[in-house]
Amino acid sequence: MSKDIQKMIELAIDKYKDFHREGRLPTYIPALSEANPEDIGVYVSDIEGNNYYAGAYEKKFTIQSISKIITLALAIMDNGVEDVFSKVGFEPTGGSFNSILEMEKSDSPKPFNPMINAGAILVTSTIKGKSNAEKISRIVDFYRKLTGNAHLTMDNKVYTSEKETGHRNRAMTYYMKDAKIIQGDAEEILDLYFQQCSILVNCRDLARIANVFANDGVIAGTGEEVIPQNIVKKVRTLMVTCGMYDASGEFAVRVGLPAKSGVGGGIMALAPQKMGIGIYGPALEGKGNSVVGMKVLEELSKELNLSIF
Ligand code: DON
């Protein structure tokens, strides 16, 4: 089996290496447009402790929206399920990740779910800490624990680039401020969100985080529970319904795994009780998901019969 997975990853990379041409590098955060669209990396980490990897699996990129999963788990651990979901909903929007429209159109100003930017910014605002510095250090420490990588840092160039150009996120944060559904200083909340999105990871880091979510919140091989199982199950469910934004329906049919994408080109996916998968391919389709990442995941899911449905 092990040799098969290794071979499969290598074959999938070879098969889909030209598919980046169907996508584009994001330009709305200017620093992200400097990535190499030809890079593809894959890392699979199963809960028995076996690892399989190929391509640009060590290349670092910013975690971007994949951070929404991890910060959501931390926010629920900080505040409880009821409190977090009194502020943010559960429903997919069918709209883009940075849409502001739904909040104003619906009866309640509450963001539809924690995966779209508005919901994620709100979730980040609930992280406990006396100052922004304490909050970001709690967030980074949590990411370090999940990845087992004590050296995780931020990409300052991407952080500054997004801070300078993130006017849409700024607009939705002030909208939520006006609607009185977000507490605290809007600029500080945005700063925390931009910092969390700029954390640098590679495919191995993503596969390890996914592995913890696959293993019901326990770091495989250690027995250490870092996220309570009931929280893991809620987050995994939101990954299925909203993790790939307005492509979540098609992704569920084609791949059938809880997953979360980021505009840095990463996708983190997991097969419960089996494995975590981290993929990198920076060219994105129109909905903000890695084109190559989705193709490789479809192939792996089919070949390894991973779909949860
Ligand atoms: O807030 C933003 O727009 C980015 N920092 C993150 C968006 C993102 O990764 C969407 N994912 N595919």
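Values below: every heavy atom of this structure, side chains too, minus hydrogens, waters and symmetry copies. Note that ligands are numbered from 1 as they come in the structure, with each ligand's atoms numbered from 1 the same way.
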Distance dump, ligand 1 polar atoms to protein, N/O, under 3.5 Å:
unit_1	atom_1	unit_2	atom_2	d
ligand 1	1 (O)	Asn117	ND2	3.1
ligand 1	1 (O)	Glu162	OE2	3.1
ligand 1	1 (O)	Asn169	ND2	2.9
ligand 1	1 (O)	Tyr193	OH	2.6
ligand 1	3 (O)	Tyr28	OH	2.6
ligand 1	3 (O)	Asn117	ND2	3.1
ligand 1	5 (N)	Gln64	OE1	2.6
ligand 1	5 (N)	Glu162	OE1	3.0
ligand 1	5 (N)	Glu162	OE2	2.7
ligand 1	9 (O)	Ser65	N	3.0
ligand 1	9 (O)	Ser65	OG	2.6
ligand 1	9 (O)	Val263	N	2.8
ligand 1	11 (N)	Ser65	OG	3.3
ligand 1	11 (N)	Tyr245	OH	3.2
ligand 1	12 (N)	Gly288	O	2.9

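Ring geometry for Tyr245 versus Phe97: interplanar angle of 30 to 60°, hence tilted.
Taking 4.0 Å as the cut-off between side-chain N and carboxylate O, Glu34 and Lys157 count as a salt-bridged pair. Using a 4.0 Å cut-off between a side-chain N of Lys or Arg and a carboxylate O of Asp or Glu, Lys87 and Asp83 qualify as a salt bridge. Glu187 and Arg170 are joined by a salt bridge, as a carboxylate oxygen and a charged side-chain nitrogen come within less than 4.0 angstrom of each other.
Taking a 4.5 Å side-chain heavy-atom cut-off between Ile, Leu, Val, Met, Phe, Trp and Tyr, the cluster of Tyr53 extends to Tyr43, Tyr57.
Here the straight-line distance linking atom NZ of Lys260 with atom CG of Leu72 works out to 11.5 Å at 0.5 Å rounding.
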